[in-house]
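Everything below concerns the one structure shown next.
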Amino acid sequence: MIPYRQRYRKDLSDLKSLTKDLADHVGDAIEKSVIALSDSNVDLARDIIKNDQEVDDLSIKIENLCMELLVLQQPMARDLRRIIGILKIGIDLERIGDLAVDIARVAAQSHNEITKLEFIPRMAEISRKMLRESMVALMNDDADMARQITKWDYEIDGLYVKARDKLLKIVIDRPEVIREGTSLLMVNRHLERTGDHICNICETIVYIVEAKREHLN
């Protein structure tokens with residue numbers, strides 16, 4: 001049997017690993033959903049929607065472990081902040097996963113009548129990078145790295161505006177593609193929201209490490 005304190009430290013370590021696994025899942029989903037959209041790959045889009053159950057299951061596993069640690073171990077100081085913080089990070093990651101599924105649903109119904117926009121894949125690429133780096137910051141308890149990551153969100157916001165303006169112009173000039181144009185405007189918004197959720201994650205990392213609440217976006 002694992003000694004009491006050793007088990008406690010292992011559970012805290014497992015929380016980090018499970019959170020990284022969840023981030024990897026939702027990061028892949030964001031990347032693949034935009035590929036499915038760009039390539040009009042309905043099968044890939046359906047796979048993303050189907051695999052969302054894995055994200056939900058992993059989220060529940062993290063939540064249950066957090067609650068078990070809070071109730072049974074009564075953690076203090078940074079350990080308490082870590083558990084509460086990971087609960088919050090899990091919520092942001094699950095919402096990113098939901099946004100990926102929403103993009104996949106658009107991809108599954110897309111007719112590819114509008115010229116591909118270079119802005120949307122770039123937004124997904126930056127989001128994936130931010131998410132990967134945020135997990136490095138979490139694993140290493142690196143608050144300064146978390147702060148730096150949020151600066152990439154400015155590029156996402158700039159791309160969001162460019163894509164929105166271009167899509168609106170297309171819809172005005174070509175009313176026959178208004179349905180797809182509206183769907184792509186939603187995708188554009190989903191990716192902008194993804195960046196916001198990752199900024200929330202970075203704010204939570206700062207809170208875990210330094211017990212500070214900072215608005216980083």
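Count residues from 1 along the sequence.
- Taking the side chain as every heavy atom from C-beta outward, Leu15 and Leu69 approach each other to under 4.5 Å.
- Note on Arg9 versus Asp79: salt bridge recorded, some NZ/NE/NH1/NH2 to OD/OE distance being below 4.0 Å.
- For the pair Ser127/Ile156, a side-chain contact is recorded, criterion being any heavy-atom separation below 4.5 Å from C-beta on.
- With Arg164 contributing its side chain and Leu185 its backbone, the two residues share no donor-acceptor pair below 3.5 Å.
- With contacts defined as side-chain heavy-atom distances shorter than 4.5 Å, the pair Asp28/Asn51 does not qualify.
- A distance-only check finds a donor-acceptor pair linking the side chain of Arg81 to the backbone of Tyr207 [under 3.5 Å].
- Contact check on Asp98 versus Arg193 returns no salt bridge, with no Lys/Arg side-chain nitrogen under 4.0 Å from an Asp/Glu carboxylate oxygen.
- With salt bridges taken as basic N to acidic carboxylate O contacts below 4.0 Å, one links Asp102 and Arg105.
- Of the possible polar contacts, none joining the Ser38 side chain to the Ile35 backbone as a donor-acceptor pair under 3.5 Å is found.
- For NZ of Lys162, the number of neighbouring non-hydrogen atoms (other residues, nucleotides, ligands) closer than 6.0 Å is 12 at most.
- Counting all heavy atoms, side chain and backbone alike, Ile103 lies closest to Ser33 at CG2-OG, 3.5 Å.
- When side chains are defined from C-beta on, Thr204 does not count as touching Leu138, because their heavy atoms never get closer than 4.5 Å.
- Using modelled atom types and a 3.5 Å distance limit, the side chains of Glu192 and Asn188 yield no donor-acceptor pair.
- Looking at heavy atoms from C-beta onward, Lys88 lies out of side-chain contact with Glu203 at the 4.5 angstrom threshold.
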Full working for side-chain contact (heavy atoms from CB on, under 4.5 Å) between Ile149 and Ile205: CA-CA 11 Å; Ile149 290 165; Ile205 293 169; over 6 Å; no

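- Hydrophobic clustering (side-chain heavy atoms under 4.5 Å, transitive across Ile, Leu, Val, Met, Phe, Trp, Tyr) keeps Ile48 apart from Leu93.
- Nearest approach of Ala104 to Ala45, heavy atoms of both residues: O-CB, 3.3 Å.
- Between Leu131 and Ile30, the closest side-chain pair of non-hydrogen atoms is not below 4.5 Å.
- Side-chain atoms of Asp47 and Lys32, non-hydrogen and from C-beta on, never get closer than 4.5 Å to each other.
- No salt bridge links Glu155 with Lys129; every basic N to acidic carboxylate O contact stays at or beyond 4.0 Å.
- Using a cut-off of 4.0 Å between Lys/Arg side-chain N and Asp/Glu carboxylate O, Lys10 and Asp14 are scored as salt-bridged.
- One finds no salt bridge joining Asp165 and Lys169 here, because no Lys/Arg side-chain nitrogen approaches an Asp/Glu carboxylate oxygen to under 4.0 Å.
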